[in-house]
Every structure is written in structure tokens, then in C-alpha cells.
Amino acid sequence: MRNRIASLVESSLHAANTAQELTLSTFPSVIIGTPANSDHGDFSCNIAMQMAKEERKSPRQIADIVIRHLGNGNGMLARTEIAGPGFINFFVSPSAWQSCLLEIESQGDSFGCTTTGGGEKLQVEFVSANPTGPLHIGHGRGAAIGDTLCRILAAAGWDVTREFYYNDAGAQITNLALSVQSRCLGIEPDDPRWPDDGYQGEYIKDLARSYQACEVVEASDQHTTALGDPDNLDAIRSFAVAWLRREQDLDLAAFDVRFDVYTLESGLYSAGRVDAVVRQLTANGHTYEQDGALWLRTTDFGDDKDRVMRKADGGYTYFVPDVAYHLDKWERGFTRVINEQGADHHSTITRVRAGLQALHAGIPKGWPEYVLHQMVTVMRGGEEVKISKRAGSYVTLRDLIDEVGRDATRFFFIMRKPDAQLVFDIDLAKRQTNENPVYYVQYAHARICSIFENAADKGFLIPDNPSPDELACLTTTEELQLIKLLSALPDTVVDCAIHFEPHRLTYFLTELASCFHSFYNKNRVISEELALTKARLYLLKRTAQTLKSALSILGITAPERM
RNA sequence: GCGCUCGUAGCUCAGCUGGAUAGAGCAACGGCCUUCUAAGCCGUAGGUCGUAGGUUCGAGUCCUACCGGGCGCGCCA
């Protein structure tokens, strides 16, 4: 509806220009807003005020010209008005709103989807947790935001690939292997032989036991049988990675998050891609030797200090394989890449982009794009739960899902803007009361389904593809408001996709549920009036459809009973 | 100190690429179930949008400076 009005205004502007009532031949892009106050109509446009200065006419004069060339859009508009300093307000006719329902029906399960992205190849990398421990709450937020973003972008017409990168080659993996080895040998963390910065979590004990029992591990891309030999550090290393990968896979599966591609850091080394990147950077003249290390002059590309690529001990710093990895993404044809990660890693952005620029590979400056989520604070019993991976005392994603449920966990993680800090109150999320917005929304869906059951018992059939006459009785403010909200789903999904902000969809759902609950309390659906009953059942059918579509984009179920 | 980010009602937060009288939930108070799910609805109360300047027809939104919280600033990842 919004788009239709926008194009109506655009053609009006051109018509006015042809009639020489407007002198400008190019116009600012037409933005259709939704007024906060319903007295100001269903939509409004500020184009007249934007053009006033250049056009050298008063905003109200321009608005008047636009309106005269506007017509009523084939009956779409009941009326238009000029208001305030020069707003053009649009009042959509009830019949136009009613016909939106038919459009929603015709789109079925794909209602909410658009072709905005034009099928562009786009990759989202998210979670990418190191295989050194179970997924914790911070990963949970990343998983929820990343996964939802993928669903949103796919719905908005992008060709989305979901990718998980894991660092199975760095110093922290050696550290992991040493920790497991120590446990195999019965060395405790307070023992002087315990490795510096060893991983102390309970899971390391489980891992060691599993290794010594020569167990077999099948993970998404890791298949390993433990040798059981505590002296074979390489065997421990690969087994430990596989074992933790399996744990993470189970966590993600429990969260209904899946990936298309897993890329291993070790694979970049074995394919020679890391060395190739270093050679290229050196050949391009952006490196220098100092203090026995090889440096990249990232300051040439906006970084605040140069970065070490190859340490004095000969090993590479993590950021070199990172650059190699992103070059690989580029070469796979992803003109757009979005990396979803914790804000504590934000310093890598400049570094990675600088490395990519220094390759002279024709990669755009702002590539890849980033979505950073802020820290999660976990509250339990009114106290903050401290997260410490080394000490092993932390709330895992799995704990949370088991305790709170998948739907509520997903909803809570995405209902805040990614770049705002999030307080996850476990006690609150567990409460199955109206304090919990996810139940509020799901309840609306269940309530509608319950009405359908009652209607079926009384022999009412919900019409398919009803005629305009059959819908003409949907005229109350609540009914039209409900339709207006339903029809906003596709725009909302596009907004989420463009701004990388899934939380907008949770607000949409809450508003829609609220609108339905109001309607429900004010009006009886099943009544003596046959025509009205049928029309309202149809309206609710479309409401349930919209709730379900939006929830499914968030990966949340739409229960039929609660 | 430098960089990123946040600061809106008692609390948790929205505010749609700058728009009209700043919104929601929770908490508080008062109402609504002999009829489709009260996990609901309606109403009341609650604000100097951190502070001070600036940009313009118009600023919670953009710019600058300061104040306050978080994160980062390693030859760790």
C-alpha cells in the first residue's frame, strides 16, 4: 500500500512537471510515512516541504499542485488533504484496505516475502565460536541474531548462505589439547604442572574421559575416533576439536540454527592460502620486518597502528588467516558479506578490511559489513551471573534453552537492538505470564485458532477468496487498523533486512497481537449476523496467517492451543 | 589517553534513511468474565529525550564539546 501511494505521488509530480506547474524535473525520493496521529490519515508525505526551497514555492502551494494531479488512484484513496506546514495526508478507502486481505491470502505461506534483494548472493557468517568450550549466552545472542537475520534476508529476496568459521589452528587449540592431556594424566588446575591459561571447565574432564575411552565422535564435519594415548598431543587435539564441535552442533540444533558451510582455519593453512596472502601483501609492498616479526602497514588503510602478521616465533597472528578467509569469501562471489559477531571483537573490523585493501584485489573499502552485538548480562535470582570460560563457571546456551524454552530464548535474544546491551533475566524469561512478550504474541494466535474451532462446531465455513461485497462489512476502526497492520508485514521485513535489525519484527508482532486482542475484546466474531461473522472469520484467518508468517521468520512456533 | 557503542517514564526498552501533541511493556492505582481462551481488554498516573551549543521550515534522530555506563586498545582469538 505504501509503495502504491509512493508511485502515485511520483507520477503526480511528473504530470505536474509536464503541465509546467513545477519547474524541477528531478525530485527528491518520495518518502511515505505513517503519522502517529490517525487524524492525519493512513499515510503522509513530506515531499512538498522538501522541495519548497528549490522550487521557490510555499510547501502548501506545492502540496496543492501534487494533490490536483493525484486523482484517487483507482478508488484507492478516500480523500487527501494538506495539513500543517505542508504535509500531504492520505486516507485510504475501506474497500482498498479490504482488498489487501485477498492479496495476503493469495500469497499464502510466502506472505511477508518480497524480491527486494533481487536474488543477490549474500553470505552471513555468525557464531563462529572457537571449538574450545560449549556455547555460552553470548554465542546464543549471536546465533539468534545471525539466524534471524538470515531468515529475514532470505524473505526479503537475497540468496543467503549461512557460514560458520572455526579457528581450529591457533594457540588456543594447543592450549585446549594441553588441558585435556593434563586431565588424562590426572593433573588438577592447582597442580604446578597444569598449563598456563589452561581450560578448567568440567567439560574438559568429560572430554578427557571420552578420549581415554576411545570413543567415536561424529560432528557436522568432524569424524574422529579417540586413540586414548595421553602422550599423543596431535591425536588429543583433533579429538578435542571434534568433540567440542559435536557439542556445539547439538546446541545449535536445539536452537534450530543450521549452517550451509563450515570453513576451517586449518584448511586455509593446508591449502596454502595463508602463505599466498602473505606473499601477495609482501609483493604489494605493504609489509616490513621489525623486531624479528613481519608487520603489515595497516595504518595506510585507516588503522591506528600497524599489525604483526608473522610473530618472532614464526607463527602467524590470527588476523592473517582471517584475511585469507575473507579473500576466499570474495572469490566465491559474495558481493555482500555480513559478519555477525560480539562487539568485543570490533577492533578486527579495521584490521581485516585493511588487509583486504592491501591485497589490491578490487575489494570495496566497506567490505565486509558487520553486525556487532553488545554484551549480554545474565541475571539469576536478582544477581549477575559471572561468565568465565577459563574457570568453567558459566551459563551455557543449552542450559538456557532447557530452562526457558527455545521460543522464549530466541525472542528474548532478538527483541533488543543488536548494538544495545542486553540484560537476560532468566527468572523473568522462565515466567509463563504476561510479563513475557513471546507468550502474548503466541496467545493471540492460539486464541484465533480457538475461535476457528468454535466456528467449525457451529457449522461456519471460512470463505476462500471472498468477493469485495462479502468484505464490505469490515468497516470499524479496529478492523481497518488490523488490516493495515497485516499489510505492513512485507515492508517491516524489508526494513529489518536493510538495517540488519531483527528486533523490529518483534515489535511488529507485539503491536499486531495487541491490535487483535483489542478487537477481540470489543467485538464478537461469531454472532447472529451471518455475513459479518464470515467476513470477520476471514479477517482473523489472515491475521493468524500473518502472525504465523512473522513468527516463522523469527524461527518461533505459532501454537494452536495454549 | 585513543577508538567503538549506549544514555528516552520508577524499571526494561521502541521511536520507522529529520516530521505534526515523544510511545509500549512491567511496576502503581481504578474498572471489565452467565456468551468465541482473563496468558486478555479498558482507563488513570508517570518525561527538561544525559548536559551545553550548532545545522534548518522542523532535532529524541544530524554535527561539535563535555558528563556518565559498557567494550576494545597483545608478537591472544
Side-chain angles (χ1 to χ4, degrees), chain A residues 29 31 33-37 39-40 44-46 49-50 52-53 58-59 83-87 89 128 130 132 167 170-173 175 197 265 290-295 304-305 307-319 321-322 342-350 372 374-375 377 415-417 419-423 425 428 431-437 439-440 442-444 446-455 457-458 488 491-492 495-496 498-499 501 503-504 506-508 510-511 513-514 516-527 533 536-537 540 561-562:
Chain A
S29 65
I31 295 165
T34 51
N37 185 340
D39 291 344
H40 296 141
S44 68
C45 185
N46 63 356
M49 287 176 286
Q50 290 188 314
K53 189 175 258 181
S58 82
F87 290 103
N89 292 338
S128 296
N130 290 342
T132 54
N167 302 90
Q172 83 283 357
I173 298 298
N175 195 11
D197 298 325
E265 183 187 6
Q290 186 181 310
D291 303 329
L294 181 67
W295 296 69
D304 56 351
K305 58 180 84 162
R307 306 291 167 176
V308 169
M309 294 168 65
R310 194 176 55 230
K311 299 179 277 183
D313 69 7
Y316 293 115
T317 56
Y318 74 94
F319 115 88
D322 247 20
D344 53 341
H345 288 175
H346 76 258
S347 59
T348 62
I349 297 175
T350 326
L372 302 178
Q374 291 287 334
M375 297 287 100
T377 308
M415 73 182 182
R416 303 282 175 245
K417 246 187 318 214
D419 54 11
Q421 291 170 51
L422 174 71
V423 177
D425 185 332
L428 175 72
R431 233 168 281 160
Q432 302 209 350
T433 69
N434 53 359
E435 292 165 65
N436 208 331
Y439 291 103
Y440 181 79
Q442 289 181 318
Y443 183 54
R447 225 178 186 185
I448 294 172
C449 292
S450 164
I451 295 172
F452 292 157
E453 277 185 33
N454 275 290
D457 288 346
K458 292 180 179 157
D491 281 344
T492 305
D495 283 345
C496 291
I498 289 172
H499 297 276
E501 290 184 340
H503 75 280
R504 298 187 188 202
T506 68
Y507 281 87
F508 170 84
T510 306
E511 196 182 349
S514 168
F516 160 71
H517 286 310
S518 284
F519 166 79
Y520 175 90
N521 272 271
K522 199 160 175 178
N523 305 97
R524 270 199 74 75
V525 176
I526 301 170
S527 69
T533 299
R536 283 182 170 165
L537 283 172
L540 292 195
R561 284 167 190 273
M562 287 177 78

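Chain identifiers are assigned alphabetically (A, B, ...) following the order of the sequence lines, protein sequences preceding nucleic acid strands; residue numbering begins at 1 within each chain.
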task: Ignoring hydrogens and angles, answer whether the base of B/rA77 and the side-chain atoms of A/Y318 contain a donor-acceptor pair closer than 3.5 Å.
output: yes

Separation between CG (A/L422) and CE (A/M415), nearest 0.5 Å, reads 7.0 Å

- prompt: How would you label the contact of A/I31 with the nucleic acid (heavy atoms, under 4.0 Å): base, sugar-phosphate, or nothing?
  reply: base

Check every strand shown and say whether A/N89 touches a base, only sugar-phosphate, or nothing at a heavy-atom separation below 4.0 Å.
base

Taking atom C1' in both B/rU21 and B/rC49, compute the distance separating them and give it to the nearest angstrom.
-> 15 Å

Item to check | Heavy-atom side-chain proximity of A/P35 to A/S44 below 4.5 angstrom | outcome: yes

In whole Å, what separates the P atom of B/rC26 from that of B/rA22? 23 Å

Under the 3.5 Å rule, do the base of B/rG72 and the side chain of A/H345 count as making a donor-acceptor pair?
no

By nearest-heavy-atom nucleotide on RNA chain B, the more 5' of A/Q421 and A/Q374 is A/Q374

Inset, instruction - Just call it for A/A446: base, sugar-phosphate, or nothing, with non-hydrogen atoms closer than 4.0 Å on any strand. - result: base

**Q.** Separation of the C1' atoms in B/rG15 and B/rG72, to the nearest angstrom
**A.** 29 Å

| task | Would you tell me if any nitrogen or oxygen in the side chain of A/N454 comes within less than 4.0 Å of OP1 or OP2 on B/rU37? | result | yes

With the side chain defined as heavy atoms from C-beta on, A/R504 is closest, among B/rG40, B/rA14, B/rC16, to B/rC16

Closest non-hydrogen contact found for A/A312 with A/A293 is N-CB, 4.2 Å

If you look at every strand shown and take non-hydrogen atoms under 4.0 Å, does A/K522 touch a base, only sugar-phosphate, or nothing? nothing

Base orientation of B/rC6, chi within 90° of 0 counted as syn, else anti, reads anti

Describe the nucleic acid contact of A/D291 in one word from base, sugar-phosphate, nothing, applying a heavy-atom distance below 4.0 Å. base

Dot-bracket for RNA chain B, 5' to 3', Watson-Crick and G-U pairs with both distances under 3.5 Å, [ ] for crossing pairs, | for partner on another strand, reads (((((((..((((.....[...)))).(((((.......))))).....(((((..]....))))))))))))....

Base, sugar-phosphate or nothing for A/N37? Non-hydrogen atoms, less than 4.0 Å. base

Here the gap from A/T132 atom OG1 to A/N167 atom CG, rounded to the nearest 0.5 Å, amounts to 9.0 Å

Comparing nearest nucleotides in RNA chain B, the 5'-proximal residue of the pair A/E265, A/C45 is A/C45

The nucleotide from B/rU37, B/rA20, B/rG15 with an atom nearest the side chain of A/A83 is B/rA20

Looking at A/Y440, I'd like to know whether one of its side-chain N or O atoms comes within less than 4.0 Å of OP1 or OP2 on B/rA24. no

Checking B/rU35, B/rC41, B/rU12 against the side chain of A/S518 (C-beta onward), the nearest is B/rC41

Item to check | Phosphate-side-chain proximity, A/H517 and B/rC32, N/O vs OP1/OP2 below 4.0 Å | outcome: no

Side-chain contact check for A/H346: nearest option of B/rG72, B/rA20, B/rU35 is B/rG72

- Task: Select base, sugar-phosphate, or nothing to describe what A/S527 touches, counting heavy atoms under 4.0 Å on all strands.
- Result: nothing

Span that lies between the C1' atom of B/rC57 and that of B/rG18, in whole angstrom = 12 Å

Checking B/rC36, B/rG72, B/rC75 against the side chain of A/I526 (C-beta onward), the nearest is B/rC36

Applying side chain to side chain donor-acceptor pair (under 3.5 Å) to A/H517 and not counting sequence neighbours gives A/R447

Winner on side-chain proximity to A/N130, out of B/rC36, B/rA77, B/rU17, is B/rA77

Over all strands shown, is A/F87 touching base, sugar-phosphate only, or nothing at heavy-atom distances under 4.0 angstrom? base

Point to revise | A/K305 side-chain N/O to B/rG74 phosphate OP1/OP2 under 4.0 Å | key: yes

A/T317 has its side chain closest, among B/rC75, B/rA14, B/rU37, to B/rC75

| query | Looking only at atom P, what distance separates B/rA45 and B/rU5, rounded to whole Å? | reply | 39 Å

When rounded to the nearest 0.5 Å, the distance separating OG1 of A/T348 from CZ of A/R307 is 10.0 Å

For this session: Would you please classify the geometry between the A/Y520 ring and the A/F516 ring as parallel, tilted or perpendicular, with 30° and 60° separating the classes?
Result: tilted

Applying a 4.0 Å non-hydrogen cut-off, can you work out what A/Y520 is touching in the nucleic acid: base, sugar-phosphate, or nothing?
base

Atom OH of A/Y443 and atom C1' of B/rG25 are separated, to the nearest Å, by 17 Å

So CD of A/Q374 and CG of A/D344: to nearest 0.5 Å the spacing works out to 9.0 Å

May I ask you to say what A/S29 touches in the nucleic acid, namely base, sugar-phosphate or nothing, with a heavy-atom cut-off under 4.0 Å?
base

Across the strands shown, which category fits A/T34 at heavy-atom distances under 4.0 angstrom: base, sugar-phosphate, nothing?
base

On a heavy-atom basis, the closest approach of A/L537 and A/F452 is O-CE2, 3.8 Å

Whole-Å distance, A/E511 CD to B/rA24 P, equals 10 Å

Q: Establish whether the base of B/rA20 is bridged to the side chain of A/D39 by a donor-acceptor pair shorter than 3.5 Å.
A: no

Q. Does any donor-acceptor pair link the side chain of A/N521 with the base of B/rG40 at a separation under 3.5 Å?
A. yes

Determine the Euclidean distance between corresponding C1' atoms of B/rG7 and B/rU12; express it in Å to zero decimal places. 14 Å

Item to complete: Provide the distance between the two P atoms, one in B/rG54 and one in B/rU61, to the nearest whole Å.
Response: 14 Å

Within the sub-3.5 Å range, which N or O atoms of nucleotides 56-62 of chain B have a protein N or O partner, and how far apart are they?
unit_1, atom_1, unit_2, atom_2, d
B/rC57, OP1, A/K53, NZ, 3.2

Output for pair (A/I526 CD1, A/D457 CG), nearest 0.5 Å, gives 8.5 Å

Rounding to 0.5 Å, atoms CG (A/N89) and CG (A/D39) come to a distance of 10.0 Å

Tightest non-hydrogen contact, residues A/A513 and A/A444, listed as CB-CB, 3.9 Å

Next item on the list: Indicate whether OP1 or OP2 belonging to B/rG74 is found under 4.0 Å from a side-chain N or O atom of A/K311.
Entry: no

From CZ of A/F516 across to C1' of B/rA38 the rounded distance in Å is 13 Å

Q | A/E511, CD: over 12 other non-hydrogen atoms inside 6.0 angstrom | A | no

Quick note, A/R524 side chain, CB onward, closest among B/rC75, B/rG70, B/rU35 is B/rU35

Rounded to whole Å, the CG-C1' distance (A/D457 to B/rU37) equals 14 Å

**OP:** Considering only atom C1', compute the distance from B/rG69 to B/rC33 and round it to an integer number of Å.
**Re:** 46 Å

Practice task
Give a yes or no answer on whether the side chain of A/T377 reaches the backbone of A/V423 with a donor-acceptor pair at less than 3.5 Å.
Solution key: no

Residue-phosphate contact under 4.0 Å: A/R416 side-chain N/O, B/rC6 OP1/OP2: no

Checking B/rC73, B/rU37, B/rC75 against the side chain of A/I451 (C-beta onward), the nearest is B/rU37

